There are 2 protein chains.
Amino acid sequence: MVQERINEFAKYIEKKGLKTTQQRNDIIRTFLKSGGHLSVDDLHQKVKKVNPRVGYATVYRTLKLLSESGVAVERHFDDGHTRYEHLEPEEHHDHLICIKCGDIIEFEDKNIESLQEKVAKKHGFRVVTHNLEMYGYCKKCNGNT
Amino acid sequence: MVQERINEFAKYIEKKGLKTTQQRNDIIRTFLKSGGHLSVDDLHQKVKKVNPRVGYATVYRTLKLLSESGVAVERHFDDGHTRYEHLEPEEHHDHLICIKCGDIIEFEDKNIESLQEKVAKKHGFRVVTHNLEMYGYCKKCNGNT
DNA sequence: TTTGAAATTGATCATTATTTTCATTTCTCA
DNA sequence: TGAGAAATGAAAATAATGATCAATTTCAAA
Ligand SMILES: [Mn+2]
Ligand SMILES: [Mn+2]
Ligand SMILES: [Zn+2]
Ligand SMILES: [Zn+2]
């Protein structure tokens, strides 16, 4: 639920002694309303339609805050643009990324996750985050160039 | 074997109609002699000890060629520095990365790999490359801050 | 061995994503 | 409502990487 994410972020802002502003509200609402994996530029484009005076730097700063608060997660796919998506708490997934059309498929596989933990444990390693990305050709692009 | 990698690269250079040069030789030998996951800067530092006149750009260019040839692979961990390591043909592994001391543990898990393929197949996706990275605390860093 | 076209090199400049600065504006709340 | 703290946006600063280009090197043909 969008409102819950907004409240969650508000709580984080409050706890850090920061302030609520119109720009932040516009950015957060636009972000939460959007699906997919947004670059800073993507989001800035969208926010400008709502509030043309929002600056690029503020989008950067707000996305950073959203990540810190747990409302958003940063993704670093292999295209040199950090992307953000919003997740429900405790939610997690990994990605299949088409190197032809750019389509991104999300998946979650408990068996893989549990084997990952097993590997980590074998090395005495405590995992905080992980990412599993597979690059290749999606179904649609498979029969082409 | 280092010599085999050198030959492999020579063959690639030849096939592309490129030339053998002292700089490339120095860079390649230094790279193959080194273990670990080297940044461009790391490698440049090392090469300069062998041949001080080697420029930064040439290290970039040569690492690119090494990757194309299959002798090296590029890694994009979450620190903004592309790193390179050399692998034997057909070799593959993934990484556990300590966010405290920076140590990198390599692992290979056929079970995980096979589950990955299964997930991809389920989505009609043909995987070309993948990367699985787990960030956290290594055994040594676990009992500290 | 000489030669010259093609490739390479290194210094420097260009680019691009992201961060920082800082003067100005906006919030918060006593 | 007014002061102090935080936020903003425009522009400058960073930092990794890529592109340019004149000078140098390689190599196969002569
Ligand atoms: Mn996703
Ligand atoms: Mn490795
Ligand atoms: Zn596709
Ligand atoms: Zn460690």
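Fair warning: this is a prediction, and the values are worked out from it, not measured in the lab.
Distance, A/I13 CD1 to C/dT28 P: 11 Å, rounded to whole Å. With rounding to whole Å, B/N51 atom CG is found 11 Å from C/dT9 atom C1'. If you measure from atom OH of B/Y56 to atom P of D/dA15, you get 12 Å, rounded to the nearest angstrom. Across the protein-nucleic acid pair, A/Y84 atom OH and C/dA17 atom P stand 13 Å apart, rounded to whole Å. Going from atom NE2 of A/H81 over to atom C1' of C/dT18 covers 12 Å, rounded to whole Å. Rounded to a whole Å, the CD atom of A/E74 is 8 Å from the P atom of C/dT19. The distance from atom NZ of A/K48 to atom P of D/dG9 is 12 Å, rounded to the nearest whole Å. The nearest whole Å value for the distance from the CD atom in A/Q22 to the P atom in C/dT26 is 12 Å.
Out of C/dA11, C/dC27, D/dT8, the shortest distance to the side chain of B/A57 is found at C/dA11. Taking the side chain of A/K19 as heavy atoms from C-beta on, and the options C/dA7, D/dT8, C/dT28, the nearest nucleotide is C/dT28. Here the side chain of A/R53 is nearest to one of D/dG9, D/dA16, C/dA7, namely D/dG9. Distance from the side chain of A/Y60 is smallest to C/dT18 among D/dC27, D/dT17, C/dT18. Candidate nucleotides D/dT8, C/dT8, D/dG18 were compared by shortest atom distance to the side chain of B/T21, and C/dT8 ranks first.
A salt bridge does not link A/E74 with A/R83: none of the charged nitrogens is closer than 4.0 Å to a carboxylate oxygen.
A donor-acceptor pair shorter than 3.5 Å can be found between the side chains of A/H37 and A/E106. A side-chain donor-acceptor contact under 3.5 Å links B/S39 and B/D42. Of the N and O atoms on the side chains of B/N131 and B/E133, at least one donor lies less than 3.5 Å from an acceptor on the other residue.
For the pair A/Q23 and D/dG9, the criterion of a side-chain N or O lying under 4.0 Å from OP1 or OP2 is met. Taking 4.0 angstrom as the limit, B/T82 places a side-chain polar atom (N or O) nearer than this to OP1 or OP2 of D/dT17. A sub-4.0 Å separation between OP1 or OP2 of D/dG9 and a side-chain N or O of A/T58 is present.
In this structure, B/F125 and A/I97 approach most closely via the heavy-atom pair CZ-O, 3.3 Å.
Contacts of B/K16 with the nucleic acid, taken as non-hydrogen atoms under 4.0 Å apart, are absent. Counting any heavy atom pair closer than 4.0 Å across all strands shown, B/R61 reaches a base atom.
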